[in-house]
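Encoded as structure tokens, the structure appears first; notes follow it.
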Number of protein chains: 2
Amino acid sequence: MPLVRKLGAFVALSGAEIDVLEGLRKRRRTFVAGRDLVHQGQSDQVAYILMSGWACSYKDLVDGQRQIVDFQVPGDFLGLRSVLLHISDHSIEPVTDIEVTEILKADLLEAFAQTPRLALAIFWAVSRDEAMVVEHLVGIGRRNAAERLAHFLLELGARLALIGQGSKAGFDYPLTQYLLADALGLSAVHVNRVLRHLREADLLTFRDGHVRFIDYDGLTDFADFDPSYLDQVGPLLT
Amino acid sequence: MPLVRKLGAFVALSGAEIDVLEGLRKRRRTFVAGRDLVHQGQSDQVAYILMSGWACSYKDLVDGQRQIVDFQVPGDFLGLRSVLLHISDHSIEPVTDIEVTEILKADLLEAFAQTPRLALAIFWAVSRDEAMVVEHLVGIGRRNAAERLAHFLLELGARLALIGQGSKAGFDYPLTQYLLADALGLSAVHVNRVLRHLREADLLTFRDGHVRFIDYDGLTDFADFDPSYLDQVGPLLT
DNA sequence: TCGATGGGCTGATCCAGATCAGGCGATCAT
DNA sequence: ATGATCGCCTGATCTGGATCAGCCCATCGA
């Protein structure tokens, strides 16, 4: 299970703790691509763990624009923040068909009371998510389009590497350039142009559902990518 | 104590829980304006609760720019994220002289184990902080300079109202236009111009250390400010 | 088989906000 | 009393990325 793998990067979980996580298998559900699981303004107090597929969390603006806050990959929580806040401040949309397991507020209380170490591990995961949002903020606020895009793809690569789905060579993605634009605060037109620049600079390619890092070190340098905020020790094996 | 007041907006804390918080008084420290308390890359695993004064958390880029992620006001946590992550991914600078109380990682574990409700309240505060960062991300990504600035000041007003230091009429601030620019992803020059526009549109004034909301409802409308992400029920009394 | 749709790609034009280059007044140290 | 510094303010110019308008190709349902 990808979550166990991810949390394992932070603390060695005991058998009992892993059992708690594995016990969640029972509440498995699936959702189809494109139809929101959580909608802005809803007050369900339910979160999910993503088991397979990709999702994204985003906010809509009145004028019809939207900002994608982050993509979620297997092992990530969906909507954990809205369990504590009374109203969900964002929407979540599956990018692909996805499988999830449900977490209720009661589960969280249970985890806090019974297995403080597991609670701490969840707290770590939440902190890491927040660190990623902060990094996106910095990217949108201060990096130009090319650096921002490169940085974003490097981050995704590192995150996927942690669950065994990416490496320094690249990774498979289910994203469109429109999704990327919504995440990066750019127009789809400009995303396309920037991808061409990166390709022409022999840094990476982005096509047919696969990112290939051609010059990983050059790219890291270009994007000023310092993965320490991801808190992964040896993030990229290959 | 402002933290008690803030958490009280989420759960009614028991006497015992308040005692735990009040017990932190002993580890009070002060810092002078401008000198970083926490520096990017440091690995101290210590956080603080801000008792008085303002601070800001920010990230530096290689090219000398910086992005302020958020300002902290009394009752807010400083650097809580870096207690869990092994390395602090950001810096924290006091905007004014500040008073803080220290929280060690051990305290946090203690809180999780002993008083799960308090732990939940802290979790709530962290979720709220994250929701604010997300809102800033949306602002920088998709709002124009004027909307972004107005939204930001309205948010600050609401946050200060929660601890009794602001209202629909306005609030006192210790910020410069340069700080505002670093927070909003704008240049200081442009912040100045936008402030003039907002003043000329009879929406607000920003001078002599005091924000005055001239047309609160008009401003809310203009900035598309929906405070539900702050999870405050009756945020603005006056 | 042929529209319709969705994703990718491109050139031309436009504009919000950056950058450059200052000026003004208040405070403060010598 | 005089620089130096800091915060605020302004006009002129430049530019990164948006917007507009459209083409190409693959897929898919009727």
All pairs passing ring pair (Phe, Tyr, Trp, His ring centres under 6.0 Å) where residues 50-70 of chain B contributes a residue, at least two apart = none
5'-most to 3'-most nt of DNA chain C touching chain B (<4.0 Å, heavy-atom partner on protein side) reads C/dG17 to C/dC20
Return the value, rounded to whole Å, for the distance between atom OH of B/Tyr178 and atom P of D/dT5.
-> 14 Å
Taking CG from B/Asn144 and P from D/dA18, how many angstroms apart are they, rounded to a whole number?
-> 14 Å
Carboxylate-amine/guanidinium proximity below 4.0 Å for B/Glu99 and B/Arg29 | no
Mind jotting down which residue pairs meet the ring pair (Phe, Tyr, Trp, His ring centres under 6.0 Å) criterion with at least one end in residues 60-86 of chain B? Sequence neighbours excluded, please.
-> A/Phe10-B/His86, B/Phe71-B/Phe152
Using five pairs at either end of the helix from C/dT1-D/dA30 to C/dT30-D/dA1, determine the angle between the two local helix axes and round it to 10 degrees.
-> 30°
Inter- and intrachain pairs under ring pair (Phe, Tyr, Trp, His ring centres under 6.0 Å), touching residues 178-208 of chain A, at least two apart = A/Tyr173-A/Phe206
Pairwise side chain to side chain donor-acceptor pair (under 3.5 Å) hits with a residue in residues 201-212 of chain A, at least two apart = A/Asp172-A/His210
Going by heavy atoms closer than 4.0 Å, what residues in residues 184-200 of chain B are next to DNA chain C?
-> B/Gly185, B/Leu186, B/Ser187, B/Val189, B/His190, B/Arg193
Please name all residues satisfying side-chain contact (heavy atoms from CB on, under 4.5 Å) with A/Asn192, sequence neighbours left out, ordered by chain then number.
-> A/Gln177
side-chain contact (heavy atoms from CB on, under 4.5 Å) involving B/Asp217 - partner list, sequence neighbours excluded = B/Asp215
Under 3.5 Å, side-chain donor or acceptor atoms of residues 130-137 of chain B against the rest of the protein: list the pairs with distances, not counting sequence neighbours.
residue  : atom : partner  : partner atom : Å
B/Glu130 : OE2  : A/Arg81  : NH1          : 3.2
B/Glu135 : OE1  : A/Lys59  : NZ           : 2.3
B/Glu135 : OE2  : B/Arg143 : NH2          : 2.5
B/His136 : ND1  : B/Val69  : O            : 3.0
B/His136 : NE2  : B/Glu155 : OE1          : 3.3
B/His136 : NE2  : B/Glu155 : OE2          : 2.9

Selection residues 68-80 of chain A - residue pairs positive for salt bridge (charged side-chain N to carboxylate O under 4.0 Å, His left out), sequence neighbours left out = A/Lys6-A/Asp76, A/Asp70-A/Arg159, A/Asp76-A/Arg159
What residues, two or more places apart in sequence or in another chain, satisfy ring pair (Phe, Tyr, Trp, His ring centres under 6.0 Å) together with B/Phe31?
-> B/Tyr48
Nearest-angstrom distance from the residue atom CZ of A/Arg207 to P of D/dA26 = 12 Å
Could you state the atom-to-atom distance from CD of A/Gln65 to P of D/dG17 in whole Å?
-> 16 Å
